[in-house]
Amino acid sequence: MSPTTVRRDVLASLVVFLVAVPLCVGVAVASGVPAELGLLTGIVGGLVVGCLPGSSFQVSGPAAGLTVLVHEAVQQYGLGALGAIVLAAGVLQLALGALRCGRWFRAISVAVVQGMLAGIGLILVLGQVYAMADASQPSTGLAKITGLPGLVAHLVSTPEAVSAFGIGVGTLALLVLWKRLPAKVRLVPGPLAAIAVATLVTAVFKLPVAKVEVHGLLASIQPPDAGALGGLAQLSVIGTVLAFALIASAESLFSAAAVDRMKDGARTDYDKELMAQGAGNAVCGMLGALPMTAVIVRSAANVQAGARTKLSRILHGAWLLLFAALLPTALGIVPLAALAAVLVHAGAKLVPVRQVSQLWREHRGEAVILGVTAGAIVFTNMFEGVLLGLLLAVVKTAWETSHVQVEVREPADGRGTVVALSGNATFLRLPRILDALEALPHDRAVELDLTRLRHLDHACRTALDGWAAQRNDAAPVAVSEPAGRAGAGVG
């Protein structure tokens, strides 16, 4: 490796480290776990996943996309169970990668993935608005919405909440305006600059706002015990494990596809990348840390900073380890409201407003799937919302591919009525087919021509046989079978 390449990778790793610190801490706090666990996941993402084959440039760590799911799991099962759940999810990812299932994640409807991220983003924004006011957030998406008037009343009646909310709003404003500042200023990552300014303002004016609680890296490590591992047999826990594994895998592999478009060179091996993510989550689970995914924000920063090899993402993990080991008390002066604002900004970016308007114009059905998936996640939970989105996507695809044409004609030779079906005859189109057949005169012979059908499912086959048998009582029916079936006359 040339000195130039090493220098570029070292500089890129420092940029990624500066982006990762506030996001690792913010995701951990929003997930309801010690801040150090977010750093620990970032360290594993760099030092473990960074060394494994897969994508060379994408960076792994705790992601805003899993914040809601982690918070729900911690609230329901306790912090002690988190490690076991993450460990099981990592093992499942390893198995999926070994079975070469990585490529199949590319078959997931983009609308479902965008809807999933939009739902996560909406819940993240709604929840962290409460944190910006140093108030506890309700547990469900619906409660977060209905609780907003109470949050306003809390702000009006509590001076401390006003101070915290002011810090949060100021942080959010700086994040929004950061892209408009001169390029030299933007060399410093926006989240880091916003957190630093908020921390400085809080210290100078001695504002009475809540700050990050510091426990120390080693003290925060909680490997899963026998009780937590035994709890994996519960059906509800199995559902959570599946949700962790599938959502983390989908987000990582979609991130890999995005990074491949940003950088020339070898493409990502999806199966190897899935196994790398699984190995990282297995290690995080054994340490009791947060789950990880490949994160597009950090990955894009890595590419844009000029990374040449995997060294940059490995070194970013080393910088995180040094920071957590040498400067843990630095976290104790960071206001929670500022971290909440960083998560509000990250959550808002997960809502694809521009894509929704474009989808509505060009592919209205996809826009409906996106909206229903996001809404279901907000009002129910992550797993059920994603399942509903996938179900809608399958139904939409089945409906669109089951086109069938029904042609009724009267031949000049007077041999009766000919009904020709073409296309794909499935149960979804059965009402239309039967309506056309039942409208035929009852006293005339019918020839049912099925030779041009590409597909005839069992439901349609049974319904057509039943109609022909009933029709034979009045007039003969001849059926020309589709390709692959022997010709048969009914009557």
Side-chain angles (χ1 to χ4, degrees), residues 99-101 103-115 358-373 376 384 386-491:
L99 293 172
R100 302 184 63 81
C101 295
R103 70 193 71 180
W104 290 104
F105 280 90
R106 291 180 290 181
I108 297 177
S109 167
V110 174
V112 174
V113 175
Q114 289 180 327
Q358 183 178 355
L359 274 178
W360 185 256
R361 291 192 302 269
E362 300 176 1
H363 305 283
R364 192 157 295 184
E366 295 290 300
V368 171
I369 292 173
L370 190 157
V372 170
T373 303
E384 292 177 6
V386 172
L387 284 181
L388 179 59
L390 290 173
L391 178 61
L392 283 177
V394 170
V395 170
K396 172 181 173 291
T397 301
W399 177 261
E400 290 180 345
T401 56
S402 64
H403 288 299
V404 64
Q405 290 78 41
V406 182
E407 180 186 355
V408 180
R409 61 180 184 270
E410 302 287 343
D413 57 12
R415 56 188 171 92
T417 302
V418 176
V419 180
L421 303 183
S422 59
N424 298 296
T426 71
F427 69 96
L428 294 172
R429 303 294 181 174
L430 194 51
R432 179 187 174 191
I433 296 172
L434 291 179
D435 284 346
L437 294 176
E438 290 169 357
L440 298 174
H442 291 276
D443 57 350
R444 301 203 54 182
V446 175
E447 179 184 344
L448 188 56
D449 182 4
L450 308 181
T451 58
R452 289 185 289 170
L453 284 177
R454 292 190 298 271
H455 175 71
L456 177 64
D457 73 4
H458 178 68
C460 273
R461 174 81 261 177
T462 303
L464 291 176
D465 286 344
W467 172 83
Q470 184 179 22
R471 174 83 181 195
N472 267 328
D473 296 336
V477 177
V479 181
S480 301
E481 295 289 341
R485 291 179 178 269
V490 182

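- The backbone N or O of Glu400 lies less than 3.5 Å from a partner atom in the side chain of His403, making a donor-acceptor pair.
- The distance from the OG1 atom of Thr417 to the CD atom of Glu410 is 3.5 Å, given to the nearest 0.5 Å.
- One finds the CG atom of Leu450 at 7.0 Å from the OG atom of Ser480 (value rounded to the nearest 0.5 Å).
- In terms of heavy-atom proximity, Asp457 sits nearest to Phe427 at OD2-N, 2.8 Å.
- For the pair Glu366/Lys396, a side-chain contact is recorded, criterion being any heavy-atom separation below 4.5 Å from C-beta on.
- A salt bridge links Arg461 with Asp465: the distance from a Lys NZ or Arg NE/NH1/NH2 to an Asp or Glu carboxylate oxygen falls below 4.0 Å.
- A distance of 8.0 Å separates SG of Cys460 from NE2 of His455, quoted to the nearest 0.5 Å.
- From Ile433, atom CD1 reaches atom CH2 of Trp467 across 11.5 Å, with rounding to the nearest 0.5 Å.
- No side-chain donor from either of Thr426 and Asn424 sits under 3.5 Å from a side-chain acceptor of the other.
- Taking 4.5 Å as the limit, every side-chain heavy atom of Glu384 sits out of range of all side-chain heavy atoms of Leu388.
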I would like to know whether Glu447 and Arg409 meet salt bridge (Lys or Arg N to Asp or Glu O under 4.0 Å); could you show each step before the answer?
CA-CA 10 Å; Glu447 179 184 344; Arg409 61 180 184 270; over 6 Å; no
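- When each of Val479, Leu437, Leu430 is tested with Leu464 by the rule side-chain contact (heavy atoms from CB on, under 4.5 Å), just one qualifies, namely Leu437.
- Side-chain atoms of Val404 and Leu453, non-hydrogen and from C-beta on, do get closer than 4.5 Å to each other.
- Distance CG/Leu359 to CD/Gln114: 6.0 Å, rounded to 0.5 Å.
- Side-chain atoms of Leu392 and Thr373, non-hydrogen and from C-beta on, never get closer than 4.5 Å to each other.
- Judged by distance alone, the side chain of Arg432 and the main-chain N or O of Gln405 form no donor-acceptor pair under 3.5 Å.
- Dense packing is recorded around CZ of Arg452, with more than 12 heavy atoms of other residues, nucleotides or ligands lying under 6.0 Å away.
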